[in-house]
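Every chain is numbered from 1 and lettered A, B, ... according to where its sequence line falls, protein lines coming before strand lines.
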There are 2 protein chains.
Amino acid sequence: MTTTSGGGPAERTKAAVLEDVAGLAGVSAMTVSRVLNAPEKVRPETRARVLAAVQELGYRPNFAARSLVTGRSGVLGVVSFDTTLYGPASTLYAIERAAREHDYLVNIASLATMTRRSIAEGVDRLRQQSVDGVIVIAPHESAVEGLRDLPPDLPVVDVGGGERLAIPAVAVDHHSGAFRATRHLLDLGHETVHHLSGPVNWIDGYHRIQGWRHALRDREAPPPLVGDWSANSGYEQGKRLSRDPSVTAVFVANDPMALGLIRAFREGGRRVPEDVSVVGYDDVPEAAHFWPPLTTVRQNFATLGRQAFQLLLDRMVGLDTTERRTVEPELVVRESTSRR
Amino acid sequence: MTTTSGGGPAERTKAAVLEDVAGLAGVSAMTVSRVLNAPEKVRPETRARVLAAVQELGYRPNFAARSLVTGRSGVLGVVSFDTTLYGPASTLYAIERAAREHDYLVNIASLATMTRRSIAEGVDRLRQQSVDGVIVIAPHESAVEGLRDLPPDLPVVDVGGGERLAIPAVAVDHHSGAFRATRHLLDLGHETVHHLSGPVNWIDGYHRIQGWRHALRDREAPPPLVGDWSANSGYEQGKRLSRDPSVTAVFVANDPMALGLIRAFREGGRRVPEDVSVVGYDDVPEAAHFWPPLTTVRQNFATLGRQAFQLLLDRMVGLDTTERRTVEPELVVRESTSRR
DNA sequence: ACGATTCGTGTTAGCGATAACAGTACGGGG
DNA sequence: CCCCGTACTGTTATCGCTAACACGAATCGT
């Protein structure tokens, strides 16, 4: 009998452990554990007594001990490129919410650069803290490489990556989004549509180019200009483009670049949308208040994040899917586009 | 002698543990542990042998086991309101970078609402996964309340919270930022400066109002309008303000609202900056490409995050500081303001 | 040259939980 | 009246690691 029966309210010093609760409730540690993990296996009265003891002592299970013995941590990791950007931030946010609903915690590893190595390092860092699974948000060519040589025992889900990977993934259908944006401009009577793209080694950028090309398939596509997603690059490329009087419609691969481009056009004396129509991509919260309010393609990051989590969950419970889900973007027409 | 000496390359099934490495290297488990945690205590040749074994087996220490025995997890938590917003996202990012440099991992708990309860819950959730410390980014009145009744044994650092708390904190000096913004407008010859503020129960919002008032102390301050930080609220309040021909200068409490407000002014026929000057707050990456490029107050979120981490680190190693650090914001003059 | 350190390593004993098995008490069927 | 399944609860053995102490050999001072 090592049960300290009464116990006394003396030990305010160290956090209570299972044994303490057991002592106070007059049961064994195992029973307390059961009350916490499988309450139906314990007689209601005993359960009540234990619960009261838990309350009184303010007992909290020790996470490390539990995960040592169960082999699961209840934590998942997210490896993401620059979580300061609207897309990754929104996706991360959605993942976190979904995770919380299922009692998972989220660990993050932000990447400053996107290389095969940095991705591998990020995953590794998380793995060392024994996350149960990892979601990678890194829509870059090199990310795809980094995901190739992953430990096979770790459940991983890819967000927005290439389709050539044999792991579960979710992605927005950028081909479709870009197609719709371009189609919209064509429908307004524009002869052709110019494109200011993101970096081509970004998966998203690449697909948007493809979608744009596809919409232009029966006419000549002007060579795309390439930006780096920043408003500033939009401005620089915009200055160049504004000198060409033949451009009347531009599809820009994201909203910040569109903002910069519109500014350049205005400074170059070209009015938007009277002289040239512009479509952006992302629908950042401010897009509706740009000048003019921006026609753009909305991505549903919340859905993206939720689906990613769902897929990971499936993977973690053992399902061996290689499912690939796709989220449709949506064209939001505002005032930066007009009939030719 | 339970040492499996040779061992054989048979066990590819389960992850290697200390004992396996020890066996292969012909030493005790303890020595392996030492090599990993205090290499200088082991003779170089032994160390090399152990390291080789670690390599060969691809050994990775078990996180749960280690933190069970050491009582530390190497993980810290960040509780933050809506990490989708520029400010929190940037701060979080900086914290993560600083943490990584010190081999800490970051767990996040995003809050959808900011109430005393949600904050407490966030902290609690993190605590259950035994984080070593927590940083709270929740510049809201209620957050301050939520932080009052925290477990005293958990190191916590507050970012941007009220100054009435007895816990370490870092914050941008918004009073000063708002003061400078307003002063700038006054210096340009404006009679007075109107203010579109954030919600008053946000600490930041409150301080910016104070700073604005302070700059206006020797003249009559018009009643401030109140927005909710969104571009949309800026637009709505802007419509109202643009009807009043006496307003020639507005200090807006953040950039998105400034964007909306400028749009409203333009639609109301008031030119910026010719008819009315506008100053924003935050210096979001796009601000330089607004139309007109926005004069605004830049907050250094990177420094903020780094300092927060530093403070938490101090706290975690036992220092019992209640230090409160302050980060100075900086006025960035662009083209949305002009001489009266 | 001898006890006192220092150095390098091994042994033992948990950390706090749960899995798996082992009782014990009770009620019902044969 | 005995046997056995059901329903609870307790015991024991780990999980993988490190703190603390123990021990032999090498090094040191005087």
Side-chain angles (χ1 to χ4, degrees), chain A residues 1-5 11 13-51 53-54 57-74 127-130 132, chain B residues 1-5 11 13-51 53-54 57-74 127-130 132:
Chain A
M1 278 276 174
T2 358
T3 36
T4 330
S5 219
E11 62 263 285
T13 92
K14 273 203 155 15
V17 299
L18 217 46
E19 200 67 46
D20 302 337
V21 179
L24 183 57
V27 297
S28 76
M30 194 60 233
T31 298
V32 179
S33 173
R34 283 202 191 92
V35 169
L36 268 26
N37 299 308
E40 76 284 0
K41 292 188 179 170
V42 176
R43 201 192 324 149
E45 339 162 23
T46 316
R47 199 190 307 160
R49 209 144 30 90
V50 170
L51 253 18
V54 165
L57 264 43
Y59 168 75
R60 330 174 55 90
N62 180 303
F63 165 74
R66 172 179 287 176
S67 74
L68 174 59
V69 67
T70 60
R72 306 180 341 97
S73 67
R127 206 155 79 97
Q128 276 181 42
Q129 312 287 343
S130 64
D132 291 339
Chain B
M1 279 275 176
T2 358
T3 35
T4 330
S5 222
E11 62 263 284
T13 92
K14 272 203 154 17
V17 300
L18 260 186
E19 201 67 45
D20 302 336
V21 180
L24 182 58
V27 297
S28 75
M30 194 61 233
T31 298
V32 180
S33 172
R34 284 202 190 91
V35 169
L36 268 26
N37 299 307
E40 76 283 0
K41 291 190 180 170
V42 176
R43 202 193 322 148
E45 342 161 21
T46 317
R47 200 190 305 160
R49 209 144 30 90
V50 169
L51 254 16
V54 166
L57 265 43
Y59 169 76
R60 329 174 54 90
N62 179 302
F63 166 72
R66 172 179 289 177
S67 75
L68 174 59
V69 66
T70 60
R72 305 180 342 97
S73 67
R127 204 155 80 99
Q128 277 183 43
Q129 312 286 350
S130 64
D132 290 340

Residues that Val17(B) engages under side chain to side chain contact (heavy atoms under 4.5 Å, CB included), provided they are two or more places apart: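 Side chain to side chain contact (heavy atoms under 4.5 Å, CB included) check on Val17(B) returns Glu19(B), Asp20(B).
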
Taking side chain to side chain contact (heavy atoms under 4.5 Å, CB included) as the definition, give me every residue that meets it alongside Arg66(B), ordered by chain and number, with sequence neighbours left out.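 Asn37(B), Pro61(B), Thr70(B).
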
Do Ser67(A) and Phe63(B) have side chains that approach each other closer than 4.5 Å (heavy atoms only, starting at C-beta)?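 Not touching, per the 4.5 Å side-chain cut-off.
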
For residues Leu18(A) and Tyr59(A), report the shortest heavy-atom separation together with the two atoms involved.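 Between these two residues, the closest heavy atoms are CD1-OH, 3.3 Å.
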
First-last contacting nucleotides on DNA chain D - partner chain B, under 4.0 angstrom, heavy atom: dG16(D) to dA20(D)

Nearest whole angstrom, please: distance from the C1' of dC7(C) to the CD of Glu40(B). 12 Å

Residues passing the salt bridge (Lys or Arg N to Asp or Glu O under 4.0 Å) test with Glu40(A), sequence neighbours excluded, are none

Which residues share a salt bridge (Lys or Arg N to Asp or Glu O under 4.0 Å) with Arg49(B), sequence neighbours left out: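 Salt bridge (Lys or Arg N to Asp or Glu O under 4.0 Å) list for Arg49(B), sorted by chain: empty.
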
Looking at Val35(A), is its backbone amide N or carbonyl O close enough to the side chain of Arg47(A) to form a donor-acceptor pair, meaning the two atoms are under 3.5 Å apart?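 Side chain of Arg47(A) to backbone of Val35(A), a donor-acceptor pair under 3.5 Å: no, none is there.
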
For Thr46(A), which contact category applies under a 4.0 Å heavy-atom criterion: base, sugar-phosphate, or nothing?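 Here Thr46(A) touches the backbone only, sparing every base.
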
Measure the CG-CG distance between Leu68(A) and Asn62(A) for me, rounded to the nearest 0.5 Å. 9.5 Å

Within the 4.0 Å limit for protein heavy atoms, which parts of nucleotides 16-24 of chain C are touched? Write it as a string from 5' to 3', B for base, S for sugar-phosphate only, - for none. BSBBB----

